[in-house]
Amino acid sequence: MSLTPYVYWAQRHHELYLRVELSDVQNPDITIADNVLHFKAQGHGAKGVNTYEFSLEFFEPVNNKFVQKLTQRQVGITVRKCKKDWWSRLTKQERKPVFVAPDFDRWLDESDAEMELRKKEEERITKIRTESKLREDPFLYLKRGYLFMYNLVQFLGFSWIFVNMTVRLFIFGQDSFYDTFNTMADMMYFCQILAFLEIVNPLIGWVRTAVKPALIQVLGRNFILFVIFGQLNEMQTKGVVFFVFYLWSSIEIIRYPFYMLACIDTDWKLLTWIRYTIWIPLYPLGTLAEAVSVIQAMPIFNETGIFSIRVFPFEFTISFSVFLNVYLVLTLFGVAINFRHMYKQRRRRLGSKKRKML
Ligand SMILES: CCCCCCCCCCCCC/C=C/C(=O)SCCNC(=O)CCNC(=O)[C@H](O)C(C)(C)COP(=O)(O)OP(=O)(O)OC[C@H]1O[C@@H](n2cnc3c(N)ncnc32)[C@H](O)[C@@H]1OP(=O)(O)O
C-alpha cells in the first residue's frame, strides 16, 4: 500500500500553490494529465524515508505546465488555472482528501486576494510608468532626489518651528505669543528663503504645478515676513506673529511629507486627504492673520515714514500704508486664485463629491 504525503494548498485568482510535506526529495515524478496531478517521489515524510505518491483531480481546468521548486524540507508546485477564477475547493470530488489541508502560510480569502492582485497591478503600472518616464527623462532620479531633499529640509524646518511654538505655548501660555518672532524668525527666514525654489521648480518643469499659485504663495508670505515683520521692530512683538507662524507651519508639516512621498511614487491615502483638506480652514485663517498684520502695521509705517515716497517737486510724501491698502486688495485676489487652484487640485486628487473620502 503506497504512502501519501501531506499536501498543503492555497490559491489566487490565477494560480494554485501546493506544498508537499516531503524532505530530501531528489527526483520527484510529477505530471498533470487530463486535469489530474500525479505525484510520486522518494523522501522523508510522516512515515519516515519511503516512496510517497498521490493524485489530485482539480476542481476546474488547469494548465498541464507547472512550476516545481525543491527545497530541503518540501516540494513546491505552482499550477496555473486556465480561467482566472476563485475556486470553492481544490478537487473535483466534493469531499476534501484527508491528506490535503489549507496552507495558512499563503492562505488568503477572496477579497484579500483581490486586494493583493490590485496592489500587484498598481506596482506593475507604477514600474511601467517609472520606466517610461526614465526613457523620456534620464534625469528623473536626479530631480526626484533634489525634490526629496528640498521637501525634507523644509519639513524639518517647519517641524522645528511648529514643535517649538507648541512647547512654548504649553510652558508660557499667552506670553509665548509676544516673543514668537524673536525665537522663530531665523528658522522661518531660512525656510521662506528656500521656498523661492517653489517658484523655480514649476518654472523649469521639475514639478507638475502652475507657477502663478506658487508665486502668489511665496511672495505673499515673504512680503509679510520680510517687510511687515522684518522691517518693523514694533510688529515683531505683536501676538499676531504667533498666529501667522503657527498657521504657516501647520500646513507645511503636512504638505512637505506629502511631497516627499510623491517623490517616491507613494500615496498614503490619509495624508493625501489631509493635505488636500486642511488648507480649507487654514488658508482663510492664515490670510486673515496676515491681513491683521498688514492693518496693524499701517500706523507704524505712517509714524516712522519707512518706505514712504516723496513726490517731487511737491512737498508731500505718500506713506507706504497707501500701498498696504492696495496689497490688501491684492491679497483678496491672490487668495481667491489659490483657493480655486487648491479646490481644483483637491477634486483632481480626491475625486468629485460623489466619490468623496469618508
Ligand atoms: C510684493 C508683492 C506681493 C504680491 C502678492 C500678492 C498677494 C498675495 C496674497 C496671497 C496670500 C497667501 C497667504 C498664504 C497664507 C498661508 O499659507 S496660510 C496657511 C495655509 N496655507 C496653505 O494651505 C497653502 C500651502 N501652500 C500650497 O499648497 C502651495 O504653495 C500652493 C502653490 C498654494 C499649491 O501647491 P501646488 O504645488 O500648486 O499644488 P499641489 O497639488 O500640492 O502639487 C501639484 C503637483 O506638483 C507636485 N509638487 C508640488 N511641489 C512639489 C515638491 N516640492 N516636491 C514634489 N512634488 C511637488 C505635487 O506632488 C503634485 O503632483 P501631482 O499630484 O502628480 O500633480
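Order of appearance sets the numbers: ligands from 1, and atoms from 1 within every ligand.
Looking at ligand 1, you'll find an N or O of Thr209 within less than 3.5 Å of one of its N or O atoms. Backbone and side-chain nitrogen or oxygen atoms of Thr331 are examined, and none is located within less than 3.5 angstrom of a nitrogen or oxygen of ligand 1. Here's the thing with Asn201: none of its N/O atoms is less than 3.5 angstrom from an N/O atom of ligand 1. Inclusion of Asn338 in the set of residues having an N or O under 3.5 Å from an N or O of ligand 1 is not warranted. Residue Tyr283 has no nitrogen or oxygen atom sitting less than 3.5 Å from a nitrogen or oxygen atom of ligand 1, judged on distance alone. Between Arg349 and ligand 1, at least one pair of N/O atoms sits closer than 3.5 Å.
Taking the six-membered ring for Trp and the full ring otherwise, the centers of Phe155 and Tyr256 sit at least 6.0 Å from each other. For Phe177 and Phe243, the ring centers are positioned less than 6.0 Å apart. Between Tyr6 and Phe99, a ring centre-to-centre spacing not shorter than 6.0 Å is recorded.
Two residues are said to be in side-chain contact when any heavy atoms from C-beta on lie closer than 4.5 Å; Trp273 and Arg349 fail this criterion.
Ranking protein heavy atoms by distance to atom 29 (C) of ligand 1, first place goes to Arg255 NH1, 3.5 Å. What sits closest to atom 10 (C) of ligand 1 on the protein, heavy atoms only, is Ile216 CG2, 3.5 Å. In terms of protein heavy atoms, atom 65 (O) of ligand 1 is closest to Arg348 NH2, 2.8 Å. The protein atom (non-hydrogen) at minimum distance from atom 64 (O) of ligand 1 is Arg208 NH2, 2.4 Å. The nearest protein atom to atom 30 (O) of ligand 1, hydrogens excluded, is given as Gln217 CG, 3.2 Å; this is a heavy-atom distance. The protein heavy-atom contact nearest to atom 53 (N) of ligand 1 is Asn151 OD1, 2.8 Å.
Remark: distances from the non-hydrogen atoms of Gln154 to ligand 1 are all 4.0 Å or more. Heavy-atom distances between His341 and ligand 1 reach below 4.0 Å in at least one pair.
Below 4.0 Å from some heavy atom of Gly286 lie the following atoms of ligand 1, by number and element: 18 (S). Ligand-side atoms of ligand 1 in range of Phe223: 1 (C), range being under 4.0 angstrom from any heavy atom. Residue Ala262 has at least one heavy-atom neighbour below 4.0 Å for each of these atoms of ligand 1: 59 (O). Interface atoms of ligand 1 facing Pro213, defined by a heavy-atom separation under 4.0 Å, are 32 (C). For ligand 1 and Trp279, the ligand atoms under 4.0 Å from any heavy atom of the residue are 23 (O). Within ligand 1, the atoms closer than 4.0 Å to a non-hydrogen atom of Ala214 are 32 (C), numbered from 1 in the order shown.
In Arg310, the CZ atom is crowded: over 12 heavy atoms of neighbouring residues, nucleotides or ligands sit closer than 6.0 Å. Around the CD atom of Glu234, the shell of radius 6.0 Å holds no more than 12 heavy atoms that belong to other residues, nucleotides or ligands.
Counting only N and O atoms by type, the side chains of Glu290 and Trp248 include a donor and acceptor under 3.5 Å apart. A donor atom on one side chain and an acceptor atom on the other are not found under 3.5 Å apart for Tyr8 and Asp105. Judged by distance alone, the side chains of Glu15 and Tyr17 do bring a donor and an acceptor atom under 3.5 Å apart.
Only the backbone of Leu247 comes within 4.0 Å of ligand 1, judged by heavy-atom distances. Contact annotation for Val218 and ligand 1: no heavy atom of the residue comes within less than 4.0 Å of the ligand. Using a 4.0 Å cut-off between heavy atoms, Tyr276 contacts ligand 1 through its side chain alone, with no backbone atom that close.
Shown are Glu123, Glu121, Glu116; of these, the salt bridge (Lys or Arg N to Asp or Glu O under 4.0 Å) with Lys119 is made only by Glu123.
Between Phe181 and Phe245, the ring-plane angle classifies as tilted under the 30° and 60° cut-offs. The aromatic rings of Phe162 and Tyr246 sit parallel to each other, their planes meeting at less than 30°, with 60° as the upper class boundary. Taking the six-membered ring for Trp and thresholds of 30 and 60 degrees, Trp279 and Phe339 have ring planes more than 60 degrees apart, a perpendicular arrangement.
Not one N or O on the side chain of Glu53 forms a donor-acceptor pair closer than 3.5 Å with the backbone of Thr4. A donor-acceptor pair is defined here as one N or O able to donate and one able to accept, closer than 3.5 Å; no such pair exists between the side chain of Asn50 and the backbone of Tyr52.
For atom 13 (C) of ligand 1, the candidate residues are Lys344, Glu290, Arg346; the nearest heavy-atom contact is made by Glu290. Among Tyr327, Tyr259, Phe333, Phe148, the residue whose heavy atom lies closest to atom 50 (N) of ligand 1 is Tyr259. Considering only non-hydrogen atoms, atom 28 (O) of ligand 1 lies nearest to Arg275 out of Met342, Arg275, Gln345.
Less than 4.0 angstrom separates atom 2 (C) of ligand 1 from none of the non-hydrogen atoms of the protein.
Nearest heavy-atom pair across Asn302 and Ser321 is OD1-OG, 2.6 Å.
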